There are 2 protein chains.
Amino acid sequence: MTAHFDPTMVKLTEQKPSQNTKTPEPANLAEILRLAGLRPTRQRLAIAALLLDGRHRHVTADSLTEEIVAAGLYVSSGTVYNTLNQFTHAGLLRRVVIHNEYSLFDTNTDHHHHFYEAENDQLVDIPNDDVVLAQLPNAPAGHEIKAVDVIIHIRHKTAPK
Amino acid sequence: MTAHFDPTMVKLTEQKPSQNTKTPEPANLAEILRLAGLRPTRQRLAIAALLLDGRHRHVTADSLTEEIVAAGLYVSSGTVYNTLNQFTHAGLLRRVVIHNEYSLFDTNTDHHHHFYEAENDQLVDIPNDDVVLAQLPNAPAGHEIKAVDVIIHIRHKTAPK
DNA sequence: ATCCAGTTTAAAATCATTCTAAAGAGCCTT
DNA sequence: AAGGCTCTTTAGAATGATTTTAAACTGGAT
């Protein structure tokens, strides 16, 4: 199902400069990685070539591994995970978590939202009135909205590191 | 075309019309379970007594098991999970998923949100402008907002169940 | 080239959650 | 009260995405 993809063909020429205003336009992928504080290894370059070409899409560690194999390369699954996390930490990717594993069950069935502090794994209720969604999109054709979850990720103001 | 959501009246969920009885009357617990189509077993009654007393709090399967043990009872972990899911399905609890396990990595680092259809595990981008957060709460003291995730859970209009 | 901290690797470990099949319990009908 | 049928519970095994481990490897500064 995955289209064949030659990582050497990937250019950044048409990439939207909409990413990070503080990131200067990098000459190549290796430079992007260096700016992120990551050594441009064969594995990271392969993944960067696949993901940082300006296309907007969603991948899982698994689907990405398939693409890498389809490109005639190989990267161990541990490294795929590490790289994905490193790229995310560097702001090159965004992590979206959907459902699955490790849920909290809230005895408050009224609609409300949450602060989440990752450091201490703390979840705090937000009174419903404190979050006002002025506009929501229509659900895709044939669908209806079942629920809206707003999770506001927070962190300590003073950088702990 | 689907009716647009009412921007002012933020009524987001369409959960089952479950009443939020704040009165922890033990006699009512069995009735609550029956109304939810669940046999009032010893295990379910124990969990209901702990969770459906009107207090608003967050529990995990693990923390709940601890409470059960602390109350001098015993419920197997499989049943704790089953019961939590059944209560959630019945609208007596709400499931909140925070992070962990099974993430998607989004090559779009611009701020945007997502539709998520659980049935087919489909994730669809929502253009940023389609979700308007008119008001956000202040982060708790000493904290700052790192990110805001809005996940709109959708389902097919024709109830497949 | 050399060296070493940073990386990658395969395999094992983690861990919340789900599944399995066998035993047990609710509850409706006699 | 007993029978019986179904729904529930249970212990333990299975699942599956992710992380960790310890050893082998590599990029790049000296």
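Since this is a predicted model, take the numbers as computed values, not measurements. Letters A, B, ... are given to chains in the order of the sequence lines, protein chains preceding strands, and every chain is numbered from 1.
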Separation of atom [atom1] in [X] from atom [atom2] in [N], rounded to whole Å:
X	N	atom1	atom2	result
A/Leu84	C/dT7	CG	C1'	16 Å
B/Leu33	C/dG26	CG	C1'	13 Å
B/Asp62	C/dT18	CG	P	14 Å
B/Leu45	D/dT8	CG	P	12 Å
B/Gln86	C/dT18	CD	P	11 Å
B/Gln43	C/dA23	CD	C1'	13 Å
A/Leu38	C/dT7	CG	P	6 Å

Discussion item. Each nucleotide in nucleotides 19-30 of chain D should get exactly one letter: B, S or -. Can you fill that in based on protein heavy atoms under 4.0 Å?
Written reply: B------BBS--
Worksheet item: Does the pair B/Val59 and B/Glu67 meet the rule for a side-chain contact (heavy atoms from CB on, under 4.5 Å), with working shown?
Response: CA-CA 10 Å; B/Val59 300; B/Glu67 287 190 46; 3.9 Å; yes
Is it true that a side-chain atom of [X] and a backbone atom of [Y] form a donor plus acceptor pair closer than 3.5 Å?
X	Y	value
A/Thr79	A/Val75	no
B/Arg44	B/Arg39	yes
B/His143	B/Ala141	yes

Worksheet entry | Spacing of B/Leu73 atom CG and B/Thr65 atom OG1 [to the nearest 0.5 Å] |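 The CG atom of B/Leu73 sits 12.0 Å away from the OG1 atom of B/Thr65.
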Worksheet entry | From CG (B/Leu38) to CZ (B/Phe87), nearest 0.5 Å |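 One gets 6.5 Å once the value is rounded to the nearest 0.5 Å.
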Worksheet item: Which of the following nucleotides, D/dT8, C/dT9, D/dA11, is nearest to the side chain of B/Arg44?
Response: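 Nearest to the side chain of B/Arg44 among the choices is D/dT8.
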Worksheet entry | N/O (side chain, A/Ser76) to phosphate O (OP1/OP2, C/dT8) under 4.0 Å |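 Indeed not, no polar side-chain atom of A/Ser76 lies that close.
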